[in-house]
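For this chain, numbers begin at 1 and follow the sequence in order. The structure presented is a predicted model; accordingly, all values stated were derived computationally and were not measured.
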Amino acid sequence: MAAKRIPRLRNLIKAASGGAPYKEDSKKIIRFVRMGCTNRPFYHIVVAEQHTNQHMPVIEQVGTYDPLPNEKNQKLVAFNFERVQHWLARGVNLTYPVAELLGLAGYLPLHPRTVMTAWRNRLRAKKEASEEKKE
């Protein structure tokens, strides 16, 4: 009588923080994967192969981002900086939104798009203040 082979449980269950198989020489990127509901977005910051769909399994989750402000008007971001440093040392690319968040967190220099957005917001506020003075 032949013994039945029982599949290993770790091959059936993927880790919550990723665990997808990947090629060592493929290009990888740190990017957002959208989660949440229709009107309530929530993003996981993940390491994935560059040319895969966002709904494919990811290599590793390195953070989260909640773009909607809470009661105290804060947008919550969480990073595992040790793992981000590990992947950046291996030559992984960043998307612009992730680079902006890392710049605002103080981990990288400020992204130029962040500086331009702040400059435009200051100009808009100045213009609105001058229009209110005229009235």
Next item on the list: Please check if the distance between the ring centroids of Phe79 and Tyr107 is under 6.0 Å.
Entry: no

Margin query: If I take atom CZ from residue Arg40 and atom CG from residue Leu68, how far apart are they, to the nearest 0.5 angstrom?
Written below: 4.5 Å

Note to self: Please say yes or no: joined through hydrophobic side-chain contacts below 4.5 Å, possibly via intermediate residues, are Leu88 and Val47 part of one cluster?
What the structure shows: yes

Item checked: Closest non-hydrogen atom pair, Arg31 against Val98 -> CA-CG2, 3.8 Å

Check: What are the two closest heavy atoms between Pro67 and Pro41, and how far apart are they?
Finding: CD-O, 3.6 Å

Margin query: Quick check on the hydrophobic clustering: are Ile29 and Val46 connected, directly or via other members, by side-chain heavy-atom contacts under 4.5 Å?
Written below: no

Next item on the list: Test Val77 against every option in Asp66, Leu104, Leu101 by the side chain to side chain contact (heavy atoms under 4.5 Å, CB included) rule and name the one that passes.
Entry: Leu101

Next item on the list: Return yes when atom CD of Gln74 has more than 12 non-hydrogen atoms of other residues, nucleotides or ligands closer than 6.0 Å, and no otherwise.
Entry: yes

Next item on the list: Using the six-membered ring wherever Trp is involved, compare the ring planes of His111 and Tyr96 and label them parallel, tilted or perpendicular (cut-offs 30° and 60°).
Entry: perpendicular

Check: In terms of hydrophobic clustering (I, L, V, M, F, W, Y; side-chain heavy atoms under 4.5 Å; direct or indirect links), are Val58 and Met35 co-clustered?
Finding: yes

Checklist line | Leu123 and Trp119: CA distance, side-chain angles, deciding distance, side chain to side chain contact (heavy atoms under 4.5 Å, CB included) verdict | finding: CA-CA 6 Å; Leu123 279 179; Trp119 180 71; 3.6 Å; yes

Next item on the list: Report the C-alpha distance between Phe32 and Ile45 in whole Å, list the side-chain angles of each, state the deciding distance to 0.1 Å, and finish with yes or no for side chain to side chain contact (heavy atoms under 4.5 Å, CB included).
Entry: CA-CA 5 Å; Phe32 287 152; Ile45 303 166; 3.6 Å; yes

Next item on the list: Treat each ILVMFWY residue as a node, draw an edge where side-chain heavy atoms are under 4.5 Å apart, and state whether Tyr65 and Leu94 are in one component.
Entry: yes

Note to self: Would the distance check show the side chain of Lys72 and the main-chain N or O of Asn70 forming a donor-acceptor pair, the cut-off being under 3.5 Å?
What the structure shows: no

Note to self: Are there over 12 heavy-atom neighbours, none belonging to Gln50, within less than 6.0 Å of that residue's CD?
What the structure shows: yes

Note to self: With a 4.5 Å cut-off on side-chain heavy-atom distances among I, L, V, M, F, W and Y, is there a chain of contacts connecting Met116 to Leu110?
What the structure shows: no

Next item on the list: Any chance you could measure Ile30, atom CD1, to Gln61, atom CD, to the nearest 0.5 Å?
Entry: 12.5 Å

Next item on the list: Enter the distance from Arg90:CZ to Lys28:NZ here, rounded to the nearest 0.5 Å.
Entry: 6.5 Å

